[in-house]
Amino acid sequence: MSCVVGIDLGSTTTKALILDERGEVLGRGITNSRSNYDLAAAVAKTEAFINARFSLVEQQAAGTDAAGVVGRLRRAFVMEQLLHQLRHLEQLMLAEVDASAPRELTAAFHVALTEICRQITAEEEQRFKQPPMLRSDFFRDAVGSAFMRIAEQIGDPNGVSFDRLVGMYDKCIIRVENEPLALDFRDHIGTALRRVGNPPGLVDAVEYAVVKDLDPRATVGTGYGRARLPFPKEQIRSEILCHGLGAHAMFPGTRTVLDIGGQDTKAIQVDSEGIVTNFQMNDRCAAGCGRYLGYIADEMNLGLHELGPLAEQSKRCVKINSTCTVFAGAELRERLSLGEKREDILAGLHRAIVIRSMSLLARSGGVSDEFTFTGGVAKNAAAVHAIRDLVQENYGQRTLNISPESIYTGALGAALFAHRMAA
Amino acid sequence: MATVQKDRSMLLQKEMIANHFARLEQAPETGEKVVYTFVPGNLTELIRSFGALPMLPEINALQSGMRKQSGDYIAEAERAGHSEDVCTYVKCDIGMMRSGNIGPGGTKLPKPDLLLLSYTGCYTFMKWFELLREEYQCPTVMFHVPYQGDGVLEPEHRRYMLRQLREQVIPALEKVTGRRYDEDRLREHLVRSARAEDDLVAVLQAGKLRPSPIDGYFGTVYYVGPIFSAFRGTEEGVEYYRALREEVDERAALGLGPVTPDGPLNDQKYRLVVEGPPNWTSFRDFWKMFSDERAVVVASTYTKVGGTYDFGFRHDPADPLGTLADYCSGCYTNLNLPSRIDMLVRYIHEYQADGFLINSVKSCNSFSAGQLMILREVEKRTGIPGAFIESDLVDPRYFSAANIKNRLESYFQMIDARRLGKTA
Amino acid sequence: MAISAGIDVGSGAVKVVVMQDDDSGHEAPLAQLSARIRRREIAKVAAEVFQAAVDASGVDEIHYVATTGEGEDFPSATGHFYGMTTHARGALYLEPRAGAVLDVGALHTRAVAMDPRGRVLDYKMTSQCASGSGQFLENIARYLGVSQEEIGALSMRATQPEKVSSICAVLAETDVINMVSRGITTSDILRGVHESMADRFARLLHSLQFEGPVFVSGGLASDVGMLAALRDALNKKAAAGAAPREVVTHPSAIFTGAIGAALCGLFRYKKFGQGSVAWATAPA
Amino acid sequence: MATRGEDAGRQALTRAAVVDRAREIYDDLDFGVVRQWLAEHPGGKAGGYLPVYAPREVLHACGFLPVGIHGGGDRLEIIRGDAFYQSYICHLPRSVIELAQSGRLDMLSAVLFPSTCDVIRNLSGMWKLLYPDVYVRYIDVPQTPDPGAAVDFWAGELERLARDLGDVSGHEPGDDELRQSIALYNDVRAMVRTLYAVRQERPWDVPTEELYLLLRAGESLPPEEFIALARGYLAAVEAEPRRPRDNSRVVIVGAFCEQPPLGLIKSIERAGCYIVDDDFLLGNRFLTHDVPLDGDPLRALAAAFVRNDQHTSVLYEIDPLGKRRLMRDRVAAAHAHGVIFATPSFCDPALLDQPMLRAGAEDAGIPCIAFKYAENSGQFQQFREQAGTFSDSIKLWGAA
Ligand SMILES: Nc1ncnc2c1ncn2[C@@H]1O[C@H](COP(=O)(O)OP(=O)(O)O)[C@@H](O)[C@H]1O
Ligand SMILES: Nc1ncnc2c1ncn2[C@@H]1O[C@H](COP(=O)(O)OP(=O)(O)O)[C@@H](O)[C@H]1O
Ligand code: SF4
Ligand code: SF4
Ligand code: SF4
């Protein structure tokens, strides 16, 4: 079965999207953009193919008893991947301890690190049993926050301290991310199946998906890092065009697109064909972009996905003027020390970010009906809320489209270009 | 053949500039008087009619930028207490002065005998010469050119300028040079100005042809150099523009495009109109971003800062002082925003452009404050979307090649997509 | 005899010094302690470090508690002194020849010129943009998996440093990510970051007039790579005709602000506050 | 409850009441007092002017209530304004555009754009395009050193302005009306001078925050009401004296156009500095002497402008040594200890002047510091730190 691939190499995340021959979405994959762009693209692509195979499993299982178990199987698979990475991380950390930690601490280090990893594994097993909560898609974030939490409990200020443990984690996580690990469908689907008890209907469906030949006929790349993709120039499209086309494909009535990504914000106007008629993007200064929220989340020791819901609890939004990413932490601390509530500050921060994008929208020609909000920040409920309010206040009633897959808009656009090329 | 011809005007320009700077360097010995003044609203013919040599600090600054010396000069000025936020031409000039006043061509620049502050279309000019006055302690004469706030030159304003010319500027020049004002000499200069202006306009309007034989921005900043600086009203100036016009005519006849950093651009894919000054520190890289995409600039507003000749103005020997007032008042940055928008719209139509670009420079409030409004209005009136990029004149810190390239690329791809959309 | 405490609440760490003054005018620290804030509640960290320092010093009475930095709200504070005053004062205590202090904090960098009595004569700060800040270096190091203590040594091993070009700290991070993907070594990247920062610092220092060496205070003083890059940058300026500048520091440099605050506290106490007690083990 | 504006002059008010009233006007981004005045004066018009100097008398005589437009400070969220300005242009114009685009300036029938700088100059063109129904005028003040030419030019401009404004309001003023308006603004200026004199003498009694709020109220109140309010304030100051503190005395320079956030003024004062002279709302002190009431009123007004001795960054300095002397003279006149250059970021007039002014001050041994702000700066810690260190060093080691 032939397919095409779109890759959006973003500043913070890399997304891949696969379309089948009819131009229908077959799979999506995401990873954090890491130092090795090729690898990031490869990982995102692997993820997308895993996702595509799961779609096939789903199609096969549709209507059978097994249909209800596919969700669990997916979660089992994701967990197997995570545990695989965790085991690798543990090995690296232990080796690093032997290589570089002070002799007298080695034993204690081993005990502490093994314990942390054991606890994380146990937590993961537990999570699998219970209905899943939302959390970051990425190993670094998912494991990182658990690691910090446990390290803070068991760290010994006079021996293997919290600082030392975190240092060890920092040192090894980047290697885990930058080594090609065996994370493909075939690598873990067997164990995942076992975990859900090898339900017979599902085994067949999986069998079908495993052997199914998925052959990409064309690939188009876009995004901030597109120039670094190992593709010829014809296979590269500007992210503006891709976002425009992607948003158009998702919501054909779209005339205005706002994309807030990790370090840039784009306001795009498209016509009824999805052709870009105007655009504006921020320059040079990454204030008020997604990374800003990343810093804030770090500062508060929260996951990115937790920011929005927390901000939504605010009753009184604090007015914030500076959205310099680097000063985010300082701003937050200053406000907290003035006695403002966390959720109110957060609400203010979200509003401030959205206000910055409002000016880009205005520069690009305003907000027409329909309006589509894309990029990673569209996953954030508080940002969406703020956009909704501000658009309403300044442009009147507008249909606001948000797709749960909004982060893939650029990749979708790229894949559509690939589809045209393959046609 | 064409390349040899091209060389002729370039050689002429090189030679006249070299001669001028040599004369400037020797001025302290020869006793020739040196008058510093600004490009917009420069009174070159008047200065020359007193036998004095004009020098234009802005041109030195932009040349320093092109020769990659400006970064150090700016740092020098900032060390001396100048703010990061203000016009980098000023800082470049002050830095150069503090570093020994060696001009961009390597010759020593003379001190001014007079600062002729033609206060035309830019607030910074006033401060610039106040600053230079502190350094040089030389006479300064203020010539206030009222802004065309309502889009026309009011008769009272013209009278006000004439009075200043007669009662302030001319006496100052007389005093410094020791010569009497000689209206006939001034007239002779003005005759030559008009002749060169005719040729220049013919060159500028060649941008209307397809392919355009000139680049109306990157190439034309070289073309306007002599007339915007010391050579308006001189014999060399007349000769230069005659030669230039011949070359351009010839290229046009052969259906050739301009010579760019990527060689001749005969196959032109996009025709653009540009507003705003160029970036000088990365001038060639900047130009290359256009020629790489086979984009040619057919007209630009920056090339009108030293006079809007293509709309008919010519220096008129019949009314020597009046024509100088008219000239000053009509320089591009002395026009109000609605007039600037009219001009861009007119260029887009008359030169049949596919798009327009605004290069907004951090330095210059006179140009930049309001450019986003210009963008919108021009888009509204022509139905053509514009591109907006940000950089600076001579501050290398503010040229982000990756950003600009990204924008231009997206912009050109957008024009393509629109074209496809239209034909489909 | 008088005892004071200096509490320097920075954006990255809290530093506390307990200082004693025998009546001959000789001042000596009894204890100095610091803790990185690491996203914890500042007030809590400050209270903890203060308590720990007092415990370590073994005193049971403090006559003047002086705060500096962002410590205005510390509950047992007697008085507050502004950061540049305390850094100038502290630097002279640690290095009596110093003519200027370079204080590289987590967010802002300040260069302060002072006279031999510690009076601030002039200063320059980095502007709002945080590209050359300690925080930036910390982020990069964290990304590269390098701990604070290792940065210096690694940077010293660089062979072909790669400078960071972006003005914005966030975009600079992306620059660094690009470098990793181009195979630039950790050492070269760190040294590159150091050099970019050192250029900025050298520019700050050269815009000040002063005699004597530059004292580097704050967290980065222990970063040998940073110091080396700064020396290089200043030497390069000197070679180009600028005044030569010597760079000095002290193992206790991170406590400069706290020491300065404690000294100012002692001074004020002796002048105005004799007899009062700011803090005691047993509530009076 | 009676409206407080009416009471202000008649009965003794507490200091807090006057300041609250002024603060209320300052905080009101919808210009309630202007709208109220328009409602109470059928046929009356409101005429806005931007910083720094505009001939308010002419507006007034033509039946306009002059309204100072100074941006929305840190109270205004910028949503549309940024769409008109790049990041390297000062904050003022985007804030003014925001006010206008959100309909808050729709009561203005005329807006005057003084020749303060190229940003305000170009804003006049934007206004023409955005609000074609409003009378828009760029005011090019004379910059020539020749007083004769300058007066002729400026008187001509004022005449044209009076004619145009008369057309808009349907009321071209006679000489007597012009003289009355001039007399009224002579009173306003005299009151402002008094307030400044009292503050300079007893800065503990007239904190700059309060003085500033009063002046800001004066930018939208009818002149008579401003005078009454200010009188009330002065009376309250006498009735409620305060204790002096051991602060240093400083002159704030450079904040003549985009106004600092109130928090900045407070931060400076809290860090131990008494502000004894400043550039805030400088248009009020542009004419340093009363305008004579005899002869042709517009010529008199023009002559007063040309012969004034206000030296500022927005006018050409004729005297080659003028910039060098200015700080020394101002510091001496205000008995100050130092100068704080507080300038809006990206403000050409202030920033280009600063090296000359600072060099002059430092040559005279006057300590200086400098920082930049935006009208919506939200973090004052840096400013406090600098002002605090400055004040410490003046107190501990300075001549004070
Ligand atoms: N699950 C999530 N919940 C909330 N915000 C998220 C989530 N995932 C990503 N984001 C936000 O999206 C940003 C990345 O957006 P993205 O469009 O992927 O950027 P880029 O294309 O520049 O890499 C992050 O910085 C973060 O703020
Ligand atoms: N041992 C160290 N080696 C290198 N850098 C350090 C070290 N300790 C602290 N730093 C750096 O110094 C900064 C904090 O310095 P400090 O002077 O305490 O700043 P602040 O006063 O703003 O908290 C941190 O951002 C960190 O990058
Ligand atoms: S502000 Fe603009 S017009 Fe004025 S000197 Fe600078 S670049 Fe030239
Ligand atoms: S450091 Fe902050 S203000 Fe500076 S460019 Fe980056 S995000 Fe913008
Ligand atoms: S603040 Fe300065 S630059 Fe901005 S409008 Fe006012 S005078 Fe002009």
Side-chain angles (χ1 to χ4, degrees), chain B residues 77 80-83 85-87 90 94 117 119 121-124 126-128 130-131 133-134 137 140-144 146-151 154 156-157 159-160 163-164 167-168 333 335-341 360 362-373 376-377 388 390 398, chain D residues 83-90 93 113 115-126 128-130 136-140 142-146 148-150 152-153 156-157 160 313-318 320 322-324 343 345-356 358-359 370 372:
Chain B
H82 286 271
S83 166
D85 295 354
V86 300
C87 173
V90 183
I94 287 177
L117 171 43
Y119 180 55
C122 164
Y123 173 86
T124 302
M126 185 162 90
K127 293 291 142 188
W128 193 340
E130 283 181 0
L131 284 158
R133 183 177 65 187
E134 294 234 318
Q137 317 255 331
T140 307
V141 57
M142 161 58 115
F143 175 49
H144 175 199
Y147 180 65
Q148 287 201 6
D150 291 329
E154 308 285 347
E156 308 90 278
H157 291 176
R159 278 200 297 278
Y160 173 54
R163 181 161 170 192
Q164 292 180 74
E167 294 174 13
Q168 302 277 324
T333 46
L335 305 181
N336 71 1
L337 227 61
S339 318
R340 283 171 61 187
I341 290 168
S360 169
K362 174 174 179 285
S363 271
C364 183
N365 283 347
S366 181
F367 258 106
S368 302
Q371 270 174 333
L372 284 163
M373 173 96 202
R376 284 185 182 196
E377 282 293 310
F388 197 87
E390 297 178 10
Y398 291 95
Chain D
F84 291 83
Y85 286 102
Q86 304 88 318
S87 56
Y88 44 75
I89 287 175
C90 64
F113 297 83
S115 68
T116 299
C117 72
D118 296 343
V119 174
I120 291 185
R121 182 195 73 190
N122 289 4
L123 183 58
S124 70
M126 290 167 66
K128 277 182 194 274
L129 292 163
L130 287 168
V136 170
R137 178 70 190 282
Y138 170 72
I139 307 189
D140 209 346
Q143 302 276 15
T144 175
D146 168 12
D152 284 352
F153 170 75
E157 294 292 286
R160 190 147 65 96
S313 305
V314 300
L315 291 178
Y316 177 61
E317 175 60 62
I318 297 164
K323 298 276 171 198
R324 290 276 166 169
T343 42
S345 293
F346 304 109
C347 176
D348 282 357
L351 291 168
L352 285 163
D353 248 8
Q354 192 172 304
M356 293 183 272
R358 187 165 182 166
K372 291 186 286 190

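Because the structure is predicted, anything quoted here is derived from the model rather than measured.
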Identify the two heavy atoms, one from [X] and one from [Y], that lie closest to each other, and give their separation to 0.1 Å.
| X | Y | value |
| --- | --- | --- |
| B:Gly81 | D:Pro355 | O-CG, 3.7 Å |
| B:Cys122 | D:Arg121 | N-NH1, 3.8 Å |
| D:Gln143 | B:Met142 | O-CG, 3.3 Å |
| D:Pro142 | B:Tyr160 | CA-OH, 3.6 Å |
| D:Gly148 | B:Arg163 | C-NH2, 3.2 Å |
| B:Glu390 | D:Ser87 | OE1-OG, 4.5 Å |

Tell me, for [X] versus chain B, whether the close heavy atoms (under 4.5 Å) come from the side chain, the backbone, both or neither.
| X | result |
| --- | --- |
| D:Ala370 | neither |
| D:Ser115 | neither |
| D:Arg160 | side chain |
| D:Gln354 | neither |
| D:Ile318 | backbone |

Does this structure show an ion pair linking B:Glu130 with D:Lys323, if we count only N-O contacts that are shorter than 4.0 Å? yes
Strictly below 4.0 Å, N to O, side chains only: are B:Arg159 and D:Asp152 in salt-bridge contact? no
Are [X] and [Y] packed together at the side-chain level, in the sense that at least one heavy-atom pair is separated by less than 4.5 angstrom?
| X | Y | answer |
| --- | --- | --- |
| D:Arg137 | B:Asp150 | yes |
| B:His157 | D:Glu157 | yes |
| D:Leu351 | B:Lys127 | no |
| D:Asn122 | B:Gln371 | no |

From CE (B:Met126) to CG (D:Asp348), nearest 0.5 Å: 11.0 Å
Gap separating the CD1 atom of B:Ile341 from the CG atom of D:Leu129, nearest 0.5 angstrom: 4.5 Å
Is the distance from the ring center of D:Tyr138 to that of B:Tyr147 below 6.0 Å? yes
Portion of [X] that has a non-hydrogen atom of chain D nearer than 4.5 angstrom:
| X | value |
| --- | --- |
| B:Asn336 | side chain |
| B:Glu167 | side chain |
| B:Phe388 | side chain |

I would like to know whether D:Lys372 and B:Asp85 meet salt bridge (Lys or Arg N to Asp or Glu O under 4.0 Å); could you show each step before the answer? CA-CA 10 Å; D:Lys372 291 186 286 190; B:Asp85 295 354; 3.0 Å; yes
